[in-house]
J.: 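Take this structure, written in structure tokens, and hold onto it; I'll ask about it next.
Fair warning: this is a prediction, and the values are worked out from it, not measured in the lab.
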Amino acid sequence: ALEIPLPASDILPAFSRFDSFEYQVCFDLGNASAMGLEPEGQILELAARIGHVHVKDRTAGGQNVLLGDGLVDFSGCFRALRRIGYAGPLVLETAYFTNPRAEALRNLEFVNKALMAVTS
């Protein structure tokens with residue numbers, strides 16, 4: 001999976017050259033938001049080309065922040081991933097500031113709640 005910081009409209013033509021889905025996209029929620037893209041729409045457009053997802057949050061200025069403190073609409077993103085039938089890994093690529101263990105637990109709890117809200 002390749003993490004490519006471009007809109008889906010630029011990525012898909014390059015990937016269409018491959019007959020198989022051996023090459024896929026690593027989609028980063030925070031990077032897409034920080035680029036001014038709507039991650040939910042990008043997910044729906046990339047669909048089966050997504051093979052890996054980075055769960056990250058960023059501010060408008062591009063700083064990595066704890067999940068829920070930035071621009072990403074996680075509920076919308078998780079709904080879009082569910083809609084395309086994504087069953088691959090969700091990798092928390094999150095920021096840590098003063099207490100890595102507590103902040104990691106906070107991020108994990110945030111993701112679990114967001115996922116539960118979408119699946120229930």
Side-chain angles (χ1 to χ4, degrees):
L2 305 169
E3 186 172 350
I4 304 169
L6 295 170
S9 60
D10 291 341
I11 294 171
L12 287 173
F15 275 76
S16 69
R17 298 178 188 166
F18 303 109
D19 291 333
S20 76
F21 281 78
E22 185 175 331
Y23 300 100
Q24 294 186 310
V25 172
C26 171
F27 189 77
D28 189 303
L29 305 177
N31 290 352
S33 292
M35 289 172 50
L37 301 172
E38 180 188 90
E40 304 93 309
Q42 297 294 298
I43 290 166
L44 295 175
E45 195 172 341
L46 290 166
R49 283 292 179 190
I50 297 175
H52 189 94
V53 174
H54 283 173
V55 178
K56 177 169 57 183
D57 208 354
R58 292 176 67 181
T59 64
Q63 295 295 318
N64 290 356
V65 294
L66 295 172
L67 300 181
D69 289 348
L71 298 172
V72 176
D73 172 4
F74 288 96
S75 294
C77 289
F78 293 151
R79 275 193 297 276
L81 288 167
R82 185 172 187 204
R83 185 170 167 196
I84 65 167
Y86 180 76
L90 295 174
V91 177
L92 275 64
E93 188 180 61
T94 56
Y96 302 103
F97 300 100
T98 58
N99 187 336
R101 185 181 188 319
E103 291 160 349
L105 289 171
R106 177 184 171 211
N107 285 325
L108 182 59
E109 182 178 316
F110 179 88
V111 167
N112 283 333
K113 283 182 181 177
L115 286 170
M116 291 299 289
V118 169
T119 58
S120 56

J.: Are the side chain of R49 and the backbone N or O of F15 linked by a donor-acceptor pair below 3.5 Å?
T.: yes
J.: Hey, does V91 have a side-chain heavy atom less than 4.5 Å from the side chain of V55?
T.: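 No, too far: nothing below the 4.5 Å cut-off.
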J.: How long is the span from the NZ atom in K56 to the CG atom in N31, to the nearest 0.5 Å?
T.: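 Those atoms lie 3.5 Å apart.
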J.: Enter the distance from S33:OG to D57:CG here, rounded to the nearest 0.5 Å.
T.: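 Here the rounded value is 7.0 Å.
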J.: Scan residues 33-59 for pairs that pass ring pair (Phe, Tyr, Trp, His ring centres under 6.0 Å), counting only residues two or more places apart or in two chains.
T.: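 Of all non-adjacent pairs touching residues 33-59, those that pass ring pair (Phe, Tyr, Trp, His ring centres under 6.0 Å) are H52-H54.
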J.: Heavy atoms only: give me the nearest C77-P39 pair and the separation to one decimal.
T.: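 That closest heavy-atom pairing would be SG-CB, 3.5 Å.
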J.: If we count only N and O atoms by modelled type, under 3.5 Å, do the side chains of E93 and N64 hold a donor and an acceptor together?
T.: no
J.: So do the side chains of V118 and R82 get within less than 4.5 Å of each other, counting heavy atoms only?
T.: yes
J.: Answer with yes or no whether the hydrophobic clustering places V65 together with L92; edges join I, L, V, M, F, W, Y residues whose side-chain heavy atoms lie under 4.5 Å apart.
T.: no
J.: Is there a side-chain contact between L108 and T94 (heavy atoms, below 4.5 Å)?
T.: no
J.: Out of curiosity, does L29 fall in the hydrophobic cluster containing L71 (side-chain heavy atoms, cut-off under 4.5 Å, transitive links)?
T.: no
J.: Should R106 and D69 count as an ion pair when the cut-off is N to O under 4.0 Å?
T.: yes
J.: To the nearest 0.5 Å, what is the distance between CD (E38) and CG (L44)?
T.: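 Those atoms lie 8.5 Å apart.
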J.: Who else is in L37's hydrophobic cluster (ILVMFWY, side-chain heavy atoms under 4.5 Å, direct or via others)?
T.: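 Its cluster partners, ordered by chain and number, are M35.
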J.: Do L66 and L105 share a hydrophobic cluster (ILVMFWY, side-chain heavy atoms under 4.5 Å, transitive)?
T.: no
J.: Are I11 and E45 packed together at the side-chain level, in the sense that at least one heavy-atom pair is separated by less than 4.5 angstrom?
T.: no
J.: Above 12 or not: heavy atoms from other molecules or residues under 6.0 Å from OH of Y23?
T.: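 No, not enclosed.
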J.: Between D10 and I4, does a side-chain contact (heavy atoms from CB on, under 4.5 Å) hold up when you go through it step by step?
T.: CA-CA 10 Å; D10 291 341; I4 304 169; over 6 Å; no
J.: Starting at CG of N107, measure out to CG of N112 and round the result to the nearest 0.5 Å.
T.: 11.0 Å
J.: Measure the spacing between OG of S9 and CD of Q42 and express it to the nearest 0.5 Å.
T.: 7.0 Å
J.: Are any of the side-chain heavy atoms of V72 and R58 separated by less than 4.5 Å?
T.: no
J.: Side chains of I50 and I43, heavy atoms from C-beta outward: is any pair under 4.5 Å?
T.: yes
J.: Looking at CZ of F27 and OH of Y86, how far apart are the two atoms once the value is rounded to the nearest 0.5 Å?
T.: 11.5 Å
J.: Only pairs at least two apart or in different chains count here, so list each ring pair (Phe, Tyr, Trp, His ring centres under 6.0 Å) that has a residue in residues 91-120.
T.: F74-F110
